[in-house]
S.K.: 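Okay, here's the structure, questions in a sec.
Letters go in sequence order (proteins before strands), and every chain restarts at 1.
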Amino acid sequence: MLQQTPVARVLPVWAEWLARWPEPRDLAAVAPGEAVRAWGRLGYPRRALRLHGCAVALTERHDGAVPADLGALRALPGVGQYTAAAVGAFAFGIRAAVVDTNVRRVHARAVSGLALPAPSLTAAELTLAEALLPEDPAIAARWSVAVMELGALVCTARSPDCSRCPLAAHCTWVATGSPAYAGPPRRTQAWHGTDRQCRGVIIAELRSSARPISVGDLAEHWPDNDQFARSLSGLLSDGLVEQVEPGWLQLPGLTD
DNA sequence: GAATCGTGGTG
DNA sequence: TCACCAAGATT
């Protein structure tokens, strides 16, 4: 849930999920569509599908438990390098570099003297994070929490509060006069009129309906028919939407 | 490596 | 108002 989504927005949905599905096997026992519906408006609904897939994999391959092993974590759907490291370090005390957007920004400023990190994670950043990580696993985990929190609360993207930063006296970026970002352009994602928005509209409609919806009724919610067809096709191949019978759609696995 | 994938708060 | 950005992963 936290992948690309602010903590404050995740918290209420997360609490609701854990109350409803306390264990992986509880989530694995329901249809994937239930997960997509309970995902609400967190965005990137494929994550709901993958989280459900995680619950199934944990139930089938790990006796319903989360494995304390980076390789096994990484093999779960939707779990990449960051998530495997975060779960490994914070849940199990495994020594792993946890490099999220906050950590990348703190390192970019304090060590590399840059206002912001590159658009995507580089090998050099991973090498740096590993080099900075304390040797003792338990201390390494606390280190990662500390750097993440520093980035989230003090060394923020828009307006860092350097007067409140414990690293200010050692920060390369501050020492060099806090130069502006000079890297490659950071492109903002288009939204209005995009397939992304169209997909969002389709999922929102299906999420709010207890029953299957006809393709025709669904198409009423989007002005461009070709784009609607393309977006729906994508959702079907993603497994986010299911055709219960020709022309009738619903979230996956819901028997209505 | 680049493109794709949601949504809402905020300066 | 609107561009920016948020505990990334996958293809």
S.K.: The criterion is side chain to side chain donor-acceptor pair (under 3.5 Å); which residues satisfy it with A/R109, sequence neighbours excluded?
M.R.: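 Scan of A/R109 (side chain to side chain donor-acceptor pair (under 3.5 Å), adjacent residues dropped) gives none.
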
S.K.: Short of 4.0 Å, heavy atom to strand atom, which residues of residues 196-208 of chain A count as contacting DNA chain B?
M.R.: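 Under 4.0 Å from DNA chain B: A/R196, A/R199, A/G200.
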
S.K.: Expressed as a whole number of Å, how far does the C1' atom of B/dA2 sit from that of C/dA7?
M.R.: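 Per the computed distance, 23 Å lies between those C1' atoms.
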
S.K.: Any chance the side chains of A/Q227 and A/W222 put a donor and an acceptor closer than 3.5 Å?
M.R.: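 Checked: A/Q227/A/W222 side chains pair up, N/O donor to acceptor below 3.5 Å.
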
S.K.: With a 4.5 Å heavy-atom cut-off, do A/W173 and A/P160 have their side chains touching?
M.R.: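 Yes, close enough: below the 4.5 Å cut-off.
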
S.K.: At 4.0 Å (heavy atoms only), tell me whether A/L121 reaches a base, stays on the sugar-phosphate, or touches nothing.
M.R.: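 A/L121: no heavy atom of the nucleic acid under 4.0 Å.
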
S.K.: Would you call A/R74-A/D69 a salt bridge at under 4.0 Å N-O?
M.R.: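 Between A/D69 and A/R74 there is no salt bridge, as every charged N stays at least 4.0 Å from the carboxylate O atoms.
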
S.K.: Going by heavy atoms in the side chains, are A/V99 and A/Y82 under 4.5 Å from each other?
M.R.: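 When only atoms from C-beta onward are counted, A/Y82 and A/V99 do not touch, as no gap falls below 4.5 Å.
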
S.K.: Side chains of A/V201 and A/F228, heavy atoms from C-beta outward: is any pair under 4.5 Å?
M.R.: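 No, too far: nothing below the 4.5 Å cut-off.
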
S.K.: Nucleotide range of DNA chain B contacted by chain A, 5' to 3', under 4.0 Å to a heavy atom?
M.R.: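 The footprint of chain A covers B/dC5 to B/dG11.
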
S.K.: Name every donor-acceptor pair, under 3.5 Å, that has one atom in a side chain of residues 112-124 of chain A and the other anywhere in the protein, sequence neighbours excluded.
M.R.:
unit_1 : atom_1 : unit_2 : atom_2 : d
A/T122 : OG1    : A/E125 : N      : 3.2
A/T122 : OG1    : A/E125 : OE2    : 3.4

S.K.: Do side-chain atoms of A/R95 reach the backbone of A/L133 as a donor and acceptor pair under 3.5 angstrom?
M.R.: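 Present.
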
S.K.: Which whole number of Å gives the distance between the P atom of C/dA9 and that of B/dG8?
M.R.: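 The answer is 22 Å between these two P atoms.
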
S.K.: Is the backbone N or O of A/H192 less than 3.5 Å from a side-chain atom of A/R196, with the two atoms forming a donor-acceptor pair by type?
M.R.: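 Side chain of A/R196 to backbone of A/H192, a donor-acceptor pair under 3.5 Å: no, none is there.
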
S.K.: What is the per-nucleotide protein-contact pattern of nucleotides 3-9 of chain C, from the 5' end, where B denotes a base atom under 4.0 Å from a protein heavy atom, S denotes such proximity for sugar-phosphate atoms only, and - denotes neither?
M.R.: -BSBBBS

S.K.: Tell me, please, which residues at least two apart from A/R105 pass side chain to side chain donor-acceptor pair (under 3.5 Å).
M.R.: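 Per chain and number, A/R105 pairs via side chain to side chain donor-acceptor pair (under 3.5 Å) with A/N102.
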
